[in-house]
Structure formats: C-alpha cells, structure tokens
Undergrad: 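Supplied in structure tokens, the structure appears directly below.
Proteins get letters first, then strands, A, B, ... in listed order; numbering begins at 1 in each. The basis for the numbers below is simple: all heavy atoms, side chains too, and nothing from hydrogens, waters or symmetry mates.
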Number of protein chains: 2
Amino acid sequence: MFIQIEPQSDIPIYEQVTRQIIEGIARGEMKPGDTLPSVRNLAADLGVNMHTVNKSYHELEEKGIITIRAKSGAIIRSTEERALTPEQLQQIEKNLKPVVAEGMVLGATAEQIEYMMKKVFADLQIPAEGV
Amino acid sequence: MFIQIEPQSDIPIYEQVTRQIIEGIARGEMKPGDTLPSVRNLAADLGVNMHTVNKSYHELEEKGIITIRAKSGAIIRSTEERALTPEQLQQIEKNLKPVVAEGMVLGATAEQIEYMMKKVFADLQIPAEGV
DNA sequence: ATATTTGTTATATAAACAATATAACAAATA
DNA sequence: TATTTGTTATATTGTTTATATAACAAATAT
C-alpha cells in the first residue's frame, strides 16, 4: 500500500489515512469501483489498530467518497455517484479560507498562492500519457 | 470585537480565535503595529477562559504573525518583519494539498476550485476604495 | 456445507488534548 | 502606588485518539 504513517505528526493517524486515500484517488492510483483493503488488512499493513482504519473509512463515507457495504467491503464511488452538491462546494470554500488567509497575512501574493495551487494540481492529477 | 465563537464546532475554540484574528488582519480590520486586546479582556469578551486565548496568541506568534512582549501586550507584526520564508511557503502548500485533493475527488474541476479561491480572495482582501 | 473473512458492536484502558478554574509572580503601565 | 500585563503552576473535567479483546452475523471462498 502507498500509505505512509507519521506517528509523531500532530495530524491524527485516522486523518492521515483518510487524506492519503483521497490523494491516491485523486492521483488515479485507485479508481472508482475499486475495493479498499479490509480494515483489518490495512491496519496490519500500517501497524495500527483496526478501529483506527475503520474510523478513517467512515470519514471517507461521510465525505461521500466511498460506500461501505456491511460485511463485504468498501468501494470507491464513481464521480457520477458523488455528484458535487452545493454543500460540498461550500465546504471546500470553507476549508480553503483559513489557508488562503494565513498565506496572505504571511505576505504571500495572490500570484504566489495561485502558483502553489497549480503545483498541487500538477502533483495530484493523473499524469497525462507521454507528457 | 469581531470574533464569533461557535462552541459546538469541531474546531477547537483556540483555533477559531486564531483563524478569525488572521482573517481580521487579512481584511485589514487590524493593521501591523496594532495591539491585540489583553488575553484577559478578549477572554471576558468571548466568554472563554484566559488560557484559551493565551494558547491562540502563542499559536499566532509561532506562525510569525504577532510578537508577544512579556507583561506588555501582543503586537501585529509588519509585513516586512514577517518576511515569507521558504518554509512558510512550503507549509501553505502542505495546507492547500488536502483541501484541493478532496475537492478534486468530489468532482470539482480545476476551474471551480480556482473560482472559489478567487471568491475567498475577494472576501478577504481590503476593499479597494471606491471600487 | 464448512471455514474464513468481512464490517459491526461492545467494553475496557491509557494517553493526549481541550477547556476551565484559581492563584501567585514580577515586570510594565497608569 | 495601584492596576494591568503575560507567565507559570496546579488541579479538575470532559473529549478525543488509539489500542486491545471479543463476539456477532452476514458475505465470501474453499
């Protein structure tokens, strides 16, 4: 698995798992329809407790990114299934706000922040073939 | 004071205070050189404990946004004093990443996310006179 | 059909974090 | 000189994070 846990981080383990799975999907390393590893398997892989991974999966379900089929497994939802709601758009804006505000106050220009955004995009997007 | 606390939020109170002060500075409601209210005064205003506000101020100092003069007060640093370091730029990028990734996975296009960024900018920036 | 794997639920424990409550100190300010 | 300031210390409470076991019942594999 591509997930790397930093035990010393101030970000909770379950949140690290959630973020890295989201990044993995964004990068195209995991596609809609794919099944996530079982909570027990992933937990064993990462050397953490089953419940920690379980919490992460439920967070992903709450965000609308996966579907958990009880006693079967967790599946990544298709982009069609997870139609972007106005509430989700608003949530993204809410998440964006403190980051941008801090950047501005620290003296970053709009151009610098937009440039970083583009860098993040390039890092996340599926690498176009041959480019 | 312009700070509004949501006690039910999953964001800690001290973090809410930190963010809203940053947004206040970004908006120009508070300028470099201005003194923040004393921890006791702001705490009384918000109806929270002195230590909660104190924790927020120290978070702001760690971020390089204010200077705390022991036994005197907390002052907002000037943009020159808080020269944007490469580490700070990298931190902003690190903060940006999970937000952008989540947006993408939820189906937001690059254009949608950039549009939201611009909205946040417009909301934060000092309103240009007469415009 | 049986055994294994799955997510779910329950209980318990420990550590860290968030928030409050008091109190006292010593320097800065009024 | 009295008040205000950030600092430090101690204590308590509740929540969150993370782990550890265990059992259940449905889904899947053999």
Undergrad: Taking CG from B:N49 and P from D:dT13, how many angstroms apart are they, rounded to a whole number?
TA: 16 Å
Undergrad: Atom NE2 of A:H58 and atom C1' of C:dG7: how far apart are they, to the nearest Å?
TA: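 Distance check: A:H58 NE2 to C:dG7 C1' gives 7 Å.
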Undergrad: Between B:N54 (CG) and D:dA9 (P), how many Å, whole number?
TA: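 Those two atoms, CG and P, are 13 Å apart.
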Undergrad: Report the distance from atom OH of A:Y14 to atom P of D:dA18, rounded to the nearest whole Å.
TA: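 It is 7 Å, rounded to the nearest whole Å.
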Undergrad: At less than 3.5 Å, do the side-chain atoms of B:R69 and the base atoms of D:dG6 form a donor-acceptor pair?
TA: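 Result: no qualifying N/O pair found.
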Undergrad: To the nearest angstrom, how far is B:R40 atom CZ from C:dA28 atom C1'?
TA: 13 Å
Undergrad: Rounded to whole Å, please give me the gap between NZ in A:K71 and C1' in D:dA29.
TA: 18 Å
Undergrad: Round to a whole Å and report the spacing from NZ of A:K55 to C1' of D:dT17.
TA: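 In whole Å, D:dT17 C1' and A:K55 NZ are 6 Å from each other.
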Undergrad: So does B:Y57 get a side-chain nitrogen or oxygen closer than 4.0 Å to the phosphate oxygens (OP1/OP2) of D:dG6?
TA: no
Undergrad: Can you give each donor-acceptor pair under 3.5 Å made by side-chain atoms of residues 28-37 of chain A, sequence neighbours left out, with the distance rounded to 0.1 Å?
TA:
residue	atom	partner	partner atom	Å
A:D34	OD2	A:K31	N	2.9

Undergrad: Would you say the side chain of A:Q91 lies within less than 4.5 Å of the side chain of B:L106, judging by non-hydrogen atoms?
TA: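 Result no, sub-4.5 Å side-chain heavy-atom pair not found.
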Undergrad: Mapping A:S72 and A:V48 to their closest nucleotides on DNA chain D, which lands nearer the 5' end?
TA: A:V48
Undergrad: Using side-chain heavy atoms (C-beta onward) and a distance below 4.5 Å, is B:Y57 in contact with B:I21?
TA: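 The answer is yes, as the side chains (C-beta and beyond) meet within the 4.5 Å cut-off.
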Undergrad: Of the nucleotides D:dG6, D:dA27, C:dA18, which one has an atom closest to the side chain of B:A70?
TA: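 Selected nucleotide: D:dG6.
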Undergrad: Choose from D:dT19, D:dT8, C:dT9 the nucleotide whose nearest atom is closest to any side-chain atom of A:M50.
TA: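 So the nucleotide nearest the side chain must be C:dT9.
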Undergrad: Under 4.0 Å between a Lys/Arg side-chain N and an Asp/Glu carboxylate O for A:K97 and A:E93?
TA: no
Undergrad: Quick check: closest heavy atoms across B:Q20 and B:I3, and the distance to 0.1 Å?
TA: OE1-CA, 3.3 Å
Undergrad: Identify whether B:I22 and B:I68 are in the same connected component of the hydrophobic contact network (ILVMFWY, side-chain heavy atoms under 4.5 Å).
TA: yes
Undergrad: Where the side chain of A:V39 is defined as all heavy atoms beyond and including C-beta, which of D:dA18, C:dA21, C:dG7 is the nearest nucleotide?
TA: C:dG7
Undergrad: Among D:dA18, D:dT7, C:dT20, which is the nearest nucleotide to the side chain of B:H51?
TA: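 Shortest atom-to-atom distance from the side chain points to C:dT20.
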Undergrad: Atom CG of A:N41 to atom P of C:dT6: distance rounded to whole Å?
TA: 5 Å
Undergrad: Paired stems touching DNA chain C, three or more consecutive Watson-Crick or G-U pairs with both distances under 3.5 Å?
TA: C:1-17 with D:14-30, C:19-30 with D:1-12
Undergrad: If the condition is salt bridge (Lys or Arg N to Asp or Glu O under 4.0 Å), which residues does B:E59 pass it with, not counting sequence neighbours?
TA: none
